[in-house]
Amino acid sequence: MAEETKSLRQIRLEKLKRLREKGVDPYPVAAARSHLARDVVSSFAELEGEQVAVAGRITAFRTHGKASFADLADASGKIQLYFKSDFLGDRFELLDLLDLGDFLAAAGKVFKTKTGEVTVAVEKFDVLAKGLLTPPVVKTEKTAAGEVVHDEFADPEKRYRKRYVDMMVNEPARDRVLTNAKVLRAARRYMDGEGYVEVETPILQPLYGGANARPFTTYHRDLETNLYLRIADELYLKRLLVAGFEKVYEIGKDFRNESIDRVHYPEFTMLEAYEAYGDYRTMLTLTVGLITAAAAEIRGTLKLEYQGRDVDLTPPWPEIRMVGTLNERMEDYGLGDVLTCPEKDLEAVFRADALSELWPKVEGRWSRARAVDVLFDALVVPELWRPTVVTDYPAELSPLAKRQRANPALAERFELYIATMEIANAFSEQNDPEEQRRAFEAQAKARAAGDEEAQQLDEDFLEALEYGMPPTGGLGIGLDRVAMILADAPNIREVIAFPQLRIKK
RNA sequence: GGGCCAUUAGCUCAAUUGGCAGAGCAACUGACUCUUAAUCAGUAGGUUACAGGUUCGAUUCCUGUAUGGCCCUCCA
């Protein structure tokens with residue numbers, strides 16, 4: 001600990017000691033509170049002249065000799081306190097022993113100052129928790145142009161490492177985490193309202209499946225076996241459809257052992273839902289309903305701004321066909337259809353100057369489907385700003401989905417993109433055990449060829465399918481990303497309360 | 001894994017060509033009984049991320065390391 005920190009802390013320790021010498025308990029068990037800060041302000045008309053008791057953290061002091069003002073912040077907002085020696089007598093001197101960051105309870109009459117600020121004229125106050133460390137002092141100035149933040153606690157590393165300090169002093173940081181909580185609540189409310197049953201399936205799994213990703217591995221001592229942290233809930237939720245459940249959903253963390261960037265985080269929150277007798281169109285209706293309901297509930301509008309650009313969530317959302325759109329975009333290369341053209345021609349496209357930078361993405365694990373996926377990601381996805389539903393994915397990229405009857409090369413599947421982020425992914429779920437086995441075997445082949453993210457063959461899941469699973473629509477929604485959109489968060493870590501950083505040695 | 005950039009007081013940031021490391025906020029002392037980035041006067045606070053190198057002299061130039069950010073790569 002730096003010398004300077006020690007001395008600031010030392011000063012506070014001495015104040016703590018002096019409080020105790022004066023018979024003040026700096027850490028009492030409980031506090032009486034009659035009103036939230038915001039409610040005192042909003043109900044001023046009724047509360048003027050009435051006694052209130054508020055409690056919170058001291059965020060500012062403005063002393064004037066025998067009178068002092070302080071700002072007291074609780075979860076609802078801020079209220080100004082007015083300490084006057086006439087009201088407080090000997091207790092007024094205790095103010096010298098208070099610091100920014102301390103928790104305080106204060107009781108007194110509500111009034112409005114000369115300058116019009118709703119304030120509590122404190123007649124009695126109690127220390128609730130003495131702080132020993134000095135929080136960063138962030139001040140906001142009200143100007144004609146709006147609020148200006150001074151000395152903002154803004155260093156990304158400090159903010160993420162001491163997230164409780166970040167959220168203590170930066171209200172927007174707190175709000176983004178709160179928005180995440182609201183998304184969870186809105187999603188549950190919507191799914192429950194649609195008659196879905198919320199279930200829990202294993203996080204520790206003997207085999208991982210349901211997505212293409214590298215897992216985290218752990219070891220169970222008593223079972224004497226390696227287990228994986230799930231990368232998806234999918235295969236267990238489908239077993240529940242075999243079991244006789246018809247509408248199930250799960251909200252939980254999935255774990256994928258990949259790097260962190262603006263939109264990816266190794267433990268992220270996924271909503272998965274499965275509906276018997278539904279298909280991917282059923283799940284699209286559900287997705288639109290859930291996301292618009294969440295936006296309306298949390299933001300009060302469907303017309304949002306994300307990172308300075310308008311995002312209108314008003315349905316219907318445009319639909320584009322993945323392969324069809326790509327074919328249009330690739331007309332200059334004279335391929336015709338990327339799914340049926342000679343594979344050599346498709347490969348040649350990656351040698352063309354304009355696309356040569358994409359070659360490393362397919363080199364070494366070439367397949368037509370992968371090539372199509374890479375091209376779509378590079379050429380089309382960056383343009384998908386407004387909510388866009390993408391259909392007609394190659395079946396090969398969708399091993400857990402049913403094939404389209406009219407065109408077996410394509411899967412019954414959609415992905416939803418908003419602000420170029422993949423938000424949702426849904427299929428008509430494969431329920432033919434033999435088709436499913438073939439798809440798994442193709443994955444096993446890709447795996448053997450070096451694709452570390454290809455899926456494993458899950459015999460128990462296949463056995464479950466052999467008992468019969470009804471035709472089913474399935475859906476996954478990345479809830480952190482929904483929260484990003486609704487919180488206007490530039491980075492997925494902003495909506496996560498305690499994002500992981502490298503351990504500092 | 002690769003490229004670029006950053007790291008100075010508790011917090012936010014300066015420091016000219018390589019020449020005594022500064023300011024605001026916070027803290028401390030004092031003044032002030034309606035302030036709100038309160039104000040005014042004063043005081044204290046530093047291993048310039050870490051380890052080396054070049055130099056009479058390094059916050060500054062060089063090398064390495066650590067951590068972080070952004071952009072690539074991979075996952076949703």
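Naming: A, B, ... by sequence-line order, numbering from 1 per chain. These numbers come from the heavy atoms of this one structure, side chains and all, not from hydrogens, waters or symmetry mates.
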Contact nearer the 5' end of RNA chain B, comparing A:Asp71 with A:Asp96 | A:Asp96
How long is the line joining CD1 of A:Ile260 and P of B:G1, in whole Å?
-> 13 Å
Closest nucleotide among B:A27, B:G69, B:U36 to the A:Leu100 side chain | B:A27
Nearest-nucleotide pick for A:Lys158, side chain only, options being B:C70, B:C11, B:A26 = B:C11
Check every strand shown and say whether A:Phe83 touches a base, only sugar-phosphate, or nothing at a heavy-atom separation below 4.0 Å.
-> nothing
NZ or CZ of A:Arg91 within 45° of A:Phe125 ring axis and under 6.0 Å = yes
A:Glu258 side chain, from C-beta outward: closest of B:U12, B:C75, B:U36 | B:C75
Kindly indicate whether the side chain of A:Glu152 and the base of B:U12 share any N or O donor-acceptor pair separated by less than 3.5 Å?
-> no
Taking only Lys NZ, Arg NE, NH1 and NH2, and the carboxylate oxygens of Asp or Glu, determine whether A:Glu48 and A:Lys112 approach each other closer than 4.0 Å.
-> no
Does NZ or CZ of A:Arg386 lie under 6.0 Å from the centre of the six-membered ring of A:Trp317, at an angle within 45° of the ring axis?
-> no
Take the protein atom CG of A:Leu133 and the nucleotide atom P of B:A26, then report the distance between them rounded to whole Å.
-> 18 Å
Rounded off to whole Å, could you give me the NZ-to-P distance for the A:Lys112 and B:U35 pair?
-> 16 Å
Give the rounded distance in Å between these two atoms: NZ of A:Lys66 and P of B:C34.
-> 13 Å
Distance-only polar pair, side chains of A:Ser428 and A:Glu412, donor-acceptor under 3.5 Å = yes
Can you tell me how far P of B:C72 sits from NZ of A:Lys361, to the nearest Å?
-> 9 Å
A:Asp151 side chain: which of B:C25, B:U73, B:A27 is closest?
-> B:C25
What nucleic acid atoms does A:Ile231 come within less than 4.0 Å of, heavy atoms only: base, sugar-phosphate, or nothing?
-> nothing
Kindly indicate whether the side chain of A:His264 and the base of B:C75 share any N or O donor-acceptor pair separated by less than 3.5 Å?
-> yes
If you look at every strand shown and take non-hydrogen atoms under 4.0 Å, does A:Asp377 touch a base, only sugar-phosphate, or nothing?
-> nothing
To the nearest Å, give me how far apart CZ (A:Arg9) and P (B:A44) are.
-> 25 Å
Report yes if the side chains of A:Glu396 and A:Arg370 come closer than 4.5 Å at any heavy-atom pair, otherwise no.
-> no
Polar pair under 3.5 Å, donor/acceptor by atom type, side chain A:Asp261, base B:C75 | yes
Consider the side chain of A:Pro156, meaning its heavy atoms from C-beta on, and name the nucleotide among B:A38, B:G69, B:C34 that approaches it most closely.
-> B:G69
Sugar-phosphate only, base, or nothing, as touched by A:Thr113 at under 4.0 Å among non-hydrogen atoms | base
Please determine, for the side chain of A:Tyr82, which listed nucleotide (B:A26, B:U33, B:G69) has the closest atom?
-> B:U33
With a non-hydrogen cut-off below 4.0 angstrom, is A:Ala424 in contact with a base, only sugar-phosphate, or nothing?
-> nothing
Give A:Lys15 one of three labels, base, sugar-phosphate or nothing, depending on what nucleic acid heavy atoms sit under 4.0 Å from its own.
-> sugar-phosphate
Of all the choices, B:U33, B:C32, B:U35, which nucleotide is nearest to the side chain of A:Phe69 once you look at every atom?
-> B:U35
Establish whether the base of B:U35 is bridged to the side chain of A:Gln80 by a donor-acceptor pair shorter than 3.5 Å.
-> yes
Compare the minimum distances between each of B:C34, B:U33, B:C74 and the side chain of A:Ala67, then state the nucleotide with the smallest one.
-> B:U33
Would you check if A:His64 stacks with the base of B:U33, given a 5.5 Å centroid limit and a 30° plane limit, both strict?
-> no
Please tell me which of the listed nucleotides, B:U33, B:U36, B:A37, lies nearest to the side chain of A:Thr115?
-> B:U36
Rounded to the Å, how far apart are A:Glu157 CD and B:C5 C1'?
-> 14 Å
Report which part of the nucleic acid A:Thr140 touches: base, sugar-phosphate, or nothing (heavy-atom distance under 4.0 Å, all strands).
-> sugar-phosphate
Rounding to the closest angstrom, what is the interatomic distance between B:U43 and B:C11 at atom P?
-> 24 Å
Return the value, rounded to whole Å, for the distance between atom NZ of A:Lys84 and atom P of B:C32.
-> 16 Å
When A:Arg502 and A:Arg214 are each assigned the nearest nucleotide of RNA chain B, the 5'-most assignment goes to A:Arg502
Salt-bridge test for A:Lys142 and A:Glu147: reply yes if a basic N is under 4.0 Å from a carboxylate O, no otherwise.
-> no
A:Ile423 near the nucleic acid: base, sugar-phosphate alone, or nothing, with a heavy-atom cut-off under 4.0 Å?
-> nothing
Are A:Phe498 and A:Val177 close enough that some pair of their side-chain heavy atoms sits under 4.5 Å apart?
-> no
Remember a base hit wins even if backbone is also touched, and classify A:Arg493 as base, sugar-phosphate or nothing at under 4.0 Å, heavy atoms.
-> sugar-phosphate
Interatomic distance, CG@A:Asn257 vs OH@A:Tyr208, rounded to 0.5 Å, equals 10.0 Å
